[in-house]
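Below, chains carry the letters A, B, ... as their sequence lines are ordered, and counting in each starts from 1. Worth knowing before you read on, the calculation uses all heavy atoms, side chains too, and leaves out hydrogens, waters and symmetry mates.
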Protein chains: 2
Amino acid sequence: MDQAVTPPILYEWAGRKSAQPIDPALEALVRDIIGKIADKWTMLIIETLDAHGTLRFTELGHKVGDISQKMLTKTLRQMEADGLVTRTVHPVVPPHVDYALTDLGRGLGAAFCSVWTWAEAHYDDIEQSRAAFAARQGAV
Amino acid sequence: MDQAVTPPILYEWAGRKSAQPIDPALEALVRDIIGKIADKWTMLIIETLDAHGTLRFTELGHKVGDISQKMLTKTLRQMEADGLVTRTVHPVVPPHVDYALTDLGRGLGAAFCSVWTWAEAHYDDIEQSRAAFAARQGAV
DNA sequence: CTGGATCCGGTTTGATACTG
DNA sequence: CAGTATCAAACCGGATCCAG
């Protein structure tokens, strides 16, 4: 009950600017959120959880890749606070903690998917640009 | 010329996981790129440039908001290297440098738009979650 | 006067070791 | 296994200084 119902406030931004009204207060608010969730680890964790479903702490860390426990803990806490993931503690002898995406988190994951698709489609362009840029710099 | 043509490699990821084949090497590659562009300032700069078009250094910094010149310079450099923005220097008496999105950068902006829309639609959910989480923590 | 490079202080991050 | 504690390193932001 959102995508379709959302007032078309920044829709014209999607295709192109039309240099227009967009509520500044709202934009500031949204901007703040973007600033907080547009984090490398947040994106990677969301993708991992979305792809694999419920995961335990260590397993999640392993699948995400090069993340330290500290950042994993920290990012997970932030995401939990933001309502993106649930943290379920099973009080058993060897501690067992499950992390899973909430509906909110899954929604964000779906939104990220277009970025993901974009990256998948353009990584070679990026690498090419990087090589060209490096060559340009090296030449100076 | 991308969204529609892109091979449906991780499309099943969009809706839900189906615990499946997705090329691991490709995923690692894409993951690497996501890790590099998933940056707070990168997103904010893309949005700003997409909304306002070509901008000068100082003007861009002002519109982005709370960014320091150092981070603006650094992020812009990275984005230039990645081929997301063009940096045009006009050799005039008062230095004049224009920054504009490339097609690649615009594409990323468009992809990121869904995240923007999501944030716009759910910021109240997030704030609610944060309040609940804070209360839960404070209560302990 | 603008873009941006440099130096310094504070914060964040990462590696390792330790506890429940 | 899941996290915390500790310390060193890297990074961020602000002010200042430099080049055109």
- prompt: Mind checking what makes side-chain contact (heavy atoms from CB on, under 4.5 Å) contact with B/Ser68, not counting sequence neighbours?
  reply: B/Lys70, B/Met71
- prompt: Pairs in or reaching into residues 69-92 of chain A: which pass ring pair (Phe, Tyr, Trp, His ring centres under 6.0 Å), with residues at least two apart or in two chains?
  reply: A/His90-A/His96
- prompt: Would you say a side-chain N or O of B/Arg77 is under 4.0 Å from OP1 or OP2 of C/dA5?
  reply: yes
- prompt: Taking 5' to 3' order, which nucleotide of DNA chain D is first and which is last to have an atom within less than 4.0 Å of a heavy atom in chain B?
  reply: D/dC12 to D/dG20
- prompt: Any idea how A/Trp118 and A/His122 line up, ring-wise: parallel (<30°), tilted (30 to 60°), or perpendicular (>60°)?
  reply: tilted
message: Suppose we screen for side-chain hydrogen bond (donor to acceptor under 3.5 Å, both in side chains). Which residues come up paired with A/Gln78, at least two apart in sequence or across chains?
response: A/Asp82
message: For A/Ser129, give me all partners under side-chain contact (heavy atoms from CB on, under 4.5 Å), at least two apart in sequence or on another chain.
response: none
Footprint string (nucleotides 10-20 of chain C, 5' to 3'): B base within contact, S backbone only, - free, heavy atoms under 4.0 Å: --SBBBB---B
Contacts of type ring-ring contact (aromatic ring centres under 6.0 Å, His included), residue A/His62, not counting sequence neighbours: none
- request: Can you sort out the partners of B/Arg31 under salt bridge (Lys or Arg N to Asp or Glu O under 4.0 Å), two or more places apart, ordered by chain and number?
  value: A/Glu47, B/Glu27
query: By salt bridge (Lys or Arg N to Asp or Glu O under 4.0 Å), which residues pair with B/Asp103, not counting sequence neighbours?
result: B/Arg106
- request: Residues of residues 57-65 of chain B with any non-hydrogen atom less than 4.0 angstrom from an atom of DNA chain C: list those, numerically ordered, please.
  value: B/Phe57, B/Thr58
- prompt: Who pairs with A/Val89 by side-chain contact (heavy atoms from CB on, under 4.5 Å), at least two apart in sequence or on another chain?
  reply: A/Arg87, A/Val97
query: With sequence neighbours excluded, what pairs up with B/Ala38 under the side-chain contact (heavy atoms from CB on, under 4.5 Å) test?
result: A/Met43, B/Ile34
